[in-house]
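Taking it in order: structure first as structure tokens, then the write-up.
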Amino acid sequence: MAKIQTPQPVRGTQDMFGETEERFAYVVATFERVRRLYGFKGLQLPVIEPTAVFARSLGEATDVVSKEMYSFEDRGGDSITLRPEFTAGIARAYLTNGWQQFAPMKLSVHGPLFRYERPQKGRYRQFHQIDAEIIGAAEPAADVELLVMADQLLKELGIDDGVTLQLNTLGDTQSRDAWRAALVGYFNDHKGALSEDSLARLEKNPLRILDSKDPKDRPIAEAAPVIDDYLSGEAQNFFGAVTAGLNAAGVAWTRNAALVRGLDYYRHTAFEFVTDRLGAQGTVLGGGRYDGLIENLGGKPTPAVGWAAGIERLAMLIDERPEELPTFVTSEQEGQEKNVVAVVAALRRGGLAADSITEGSASKRFEKARKKSNGVVLLLSASTDFDIELTIKRIGDWRQQPSEKVIATALQSRFDVLAAEVDEANNYTPYRLNSRS
RNA sequence: GCGAUCGUAGCUCAGUUGGUUAGAGCGCUGGUUUGUGGUACCAGAGGUCGGGGGUUCAAGACCCCUCGGUCGCCCCA
């Protein structure tokens, strides 16, 4: 008989479980809490969008659009793309749902994204981001609010240490275009000295030559025209207001005049929270202002700012998460399964995580319960039709604090007291024997 | 898409210049011991040595191809 081959997972995808999943869930939960503090509404969006949503907004020449999208024709012949980022889909939803009426809108999303890239640490083909956007707000206060929120999120995740906020302005469209033209001219004059990669960038995205890592390019990049010389007075004032706001809010930042973002839609504020703890994947959270995007999708000119952060990258940076384990219930003798079920149900109804073991010998049961528990094991030692005698075992400090017995009647009301007592044991407060009442 | 490196049990790894039946620890399963029960002991299950081809009397080891992981480049969160 031919052996059945188990299909391998798709390259660049991952199955998350245990510690990895705990970290992931913690990042999402923290984000959900923090975004509410700032009044950002949640969103649920489709994973698939018409290909045009991304092609028009990110820029046809960007790597994401030209070679990294999962695009396919569906059975109706429409070109569909698995979303490679959030911003374009949010802008599309804003327009097709007529959300202009709610502007300015503070929105947040999280979920899976797809890019066909070479996988490595912190880079996957299916990856996940948290994302926050403010649509319909032209004032620098919106940029500041998003950055302050990002800063608080990273602090609450405990990863602000070693992560720095790099900030730049790309100016308004006129400033950006003038600067870009100057850069192209400058780099063309130094074509001979540029690396091969940068020669390709000169055609596609000349701004990116500025943060090339190639030592050949560094001296040329460092002597290149700087955006500051091309900023209009308005753009200067805007950037000044953003930095003043950050200072007022106590958010640390550093200017990085070479910081340009990869996607075409960015204007004015551009920023990245970077770390050196993730190898080649230095950016942990990044974003900026994209005042031109909504127009590109057929809407009226609408100012907007936003950022996104990779959940996997954040999850790799946070401290170890203690696994959340339940209280365990087991019995000393055989034939107590029914009462074990009753006790576990009572604990769960009382809001406590609980589980049970009924298989195996008494010593194996206790051993297993001990290992899988949160440190509290309820040992059901005897029972009558009305009473269940339980011993509360606190693993770890049994020498100092002898385990104590509690008797619960089988009446439902009495189980509430039991739940409260187990809750106390879970919290390692001094245990108090509760006499039968 | 380019370069480098690695792949042996569920996990972490050992495996000599190619040489009998591929090992250890942890984990898992069963048992013994103990007895308000834990750190002891015994036994067992579990391996296409990533996959395919080649060299050889003989390949986990050497060669080629391929798949996958990791690290850079690129890109980006």
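So that the names make sense, note that chain A is the first sequence line, chain B the second, and so on, each numbered from 1. For clarity, every value in this text was computed on a predicted model and none was experimentally measured.
- Under a cut-off of 6.0 angstrom, the local environment of CG in A:Leu43 is crowded, with over 12 non-hydrogen atoms contributed by other residues, nucleotides or ligands.
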Dump every N/O contact between nucleotides 5-9 of chain B and the protein below 3.5 Å, one line per pair.
none

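- None of A:Glu272, A:Arg255, A:His268, A:Arg261 except one satisfies the side chain to side chain donor-acceptor pair (under 3.5 Å) rule with A:Asn168; the exception is A:Arg255.
- Taking atom P in both B:A58 and B:G53, one finds a spacing of 16 Å when rounded to whole Å.
- Between A:Lys368 and A:Pro9, it is A:Lys368 whose nearest contact on RNA chain B lies nearer the 5' terminus.
- Among A:Arg11, A:Gln14, A:Glu68, the one residue that satisfies the side-chain contact (heavy atoms from CB on, under 4.5 Å) test with A:Arg125 is A:Arg11.
- Taking the charged nitrogens against the carboxylate oxygens, A:Arg370 and A:Glu367 do have a contact shorter than 4.0 Å, which makes a salt bridge.
- Under the rule for a salt bridge (charged side-chain N to carboxylate O under 4.0 Å, His left out), A:Arg115 has no partner lying at least two apart in sequence or in another chain.
- Consecutive Watson-Crick or G-U pairing (both distances under 3.5 Å) extending over three or more pairs maps onto RNA chain B as B:1-7 with B:67-73, B:10-13 with B:23-26, B:28-32 with B:40-44, B:50-54 with B:62-66.
- Residues in residues 45-70 of chain A take part in these ring-ring contact (aromatic ring centres under 6.0 Å, His included) pairs, two or more places apart or across chains: A:Tyr70-A:Tyr116.
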Using nucleotides 69-77 of chain B, report all nitrogen or oxygen pairs with the protein that are shorter than 3.5 Å.
residue: B:G69; atom: OP2; partner: A:Arg11; partner atom: NE; Å: 2.7
residue: B:G69; atom: OP2; partner: A:Arg11; partner atom: NH2; Å: 3.3
residue: B:U70; atom: O4; partner: A:Arg118; partner atom: NH2; Å: 3.3
residue: B:C71; atom: OP2; partner: A:Lys121; partner atom: N; Å: 2.5
residue: B:G72; atom: OP1; partner: A:Ala280; partner atom: N; Å: 3.2
residue: B:C73; atom: OP1; partner: A:Lys213; partner atom: NZ; Å: 3.2
residue: B:C74; atom: N3; partner: A:Arg123; partner atom: NH1; Å: 2.8
residue: B:C74; atom: N4; partner: A:Arg123; partner atom: NH1; Å: 2.7
residue: B:C75; atom: OP1; partner: A:Arg201; partner atom: NH1; Å: 3.0
residue: B:C75; atom: OP2; partner: A:Arg201; partner atom: NH1; Å: 2.7
residue: B:C75; atom: O2'; partner: A:Glu68; partner atom: OE2; Å: 3.3
residue: B:C75; atom: O2; partner: A:Glu117; partner atom: OE2; Å: 2.8
residue: B:C75; atom: O2; partner: A:Arg123; partner atom: NH1; Å: 3.4
residue: B:C76; atom: OP1; partner: A:Gly262; partner atom: O; Å: 3.4
residue: B:C76; atom: OP2; partner: A:Arg208; partner atom: NE; Å: 3.0
residue: B:C76; atom: OP2; partner: A:Arg208; partner atom: NH1; Å: 2.8
residue: B:C76; atom: OP2; partner: A:Arg208; partner atom: NH2; Å: 3.4
residue: B:C76; atom: O2'; partner: A:Arg115; partner atom: NH1; Å: 2.7
residue: B:C76; atom: O2; partner: A:Arg313; partner atom: NH1; Å: 3.2
residue: B:C76; atom: O2; partner: A:Arg313; partner atom: NH2; Å: 3.1
residue: B:A77; atom: OP1; partner: A:Arg261; partner atom: NH2; Å: 3.3
residue: B:A77; atom: OP2; partner: A:Arg261; partner atom: NH1; Å: 3.4
residue: B:A77; atom: OP2; partner: A:Arg261; partner atom: NH2; Å: 2.4
residue: B:A77; atom: O4'; partner: A:Gln129; partner atom: NE2; Å: 2.7
residue: B:A77; atom: O3'; partner: A:Gly286; partner atom: N; Å: 3.2
residue: B:A77; atom: O2'; partner: A:Thr283; partner atom: O; Å: 2.9
residue: B:A77; atom: O2'; partner: A:Val284; partner atom: O; Å: 3.1

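- Among residue pairs with one or both ends in residues 20-31 of chain A, those qualifying as side-chain hydrogen bond (donor to acceptor under 3.5 Å, both in side chains) are A:Glu19-A:Arg23; sequence neighbours excluded.
- The salt bridge (charged side-chain N to carboxylate O under 4.0 Å, His left out) pairs that include a residue from residues 273-295 of chain A are A:Asp143-A:Arg289, A:Arg289-A:Asp291, where partners are two or more places apart or lie in different chains.
- Note on residues 187-224 of chain A: pairs passing ring-ring contact (aromatic ring centres under 6.0 Å, His included), not counting sequence neighbours, are A:Tyr186-A:His190.
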Residues 105-113 of chain A side chain polar contacts: donor-acceptor under 3.5 Å, at least two apart:
residue: A:Lys106; atom: NZ; partner: A:Tyr38; partner atom: O; Å: 2.9
residue: A:Lys106; atom: NZ; partner: A:Glu145; partner atom: OE2; Å: 2.7
residue: A:Ser108; atom: OG; partner: A:Arg35; partner atom: NE; Å: 3.2
residue: A:Ser108; atom: OG; partner: A:Lys41; partner atom: O; Å: 3.3

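- Remark: nothing in residues 25-44 of chain A comes within less than 4.0 Å of RNA chain B through any heavy atom.
- A:Ala200 comes within contact range of no nucleotide atom at all, as no heavy-atom separation falls under 4.0 Å.
- Only at 4.0 angstrom or more do the heavy atoms of residues 153-164 of chain A sit from any atom of RNA chain B, so none qualifies.
- Taking the ring pair (Phe, Tyr, Trp, His ring centres under 6.0 Å) definition, one finds that A:Phe40 meets it with nothing, sequence neighbours left out.
- With a 6.0 Å radius and a threshold of 12 heavy atoms from other residues, nucleotides or ligands, A:Asp15 has its CG atom at or below the threshold.
- Atom C1' of B:U34 sits at a distance of 9 Å from the matching atom of B:A40, rounded to the whole Å.
- Taking atom C1' on both nucleotides, B:C76 is separated from B:G72 by 16 Å, rounded to a whole Å.
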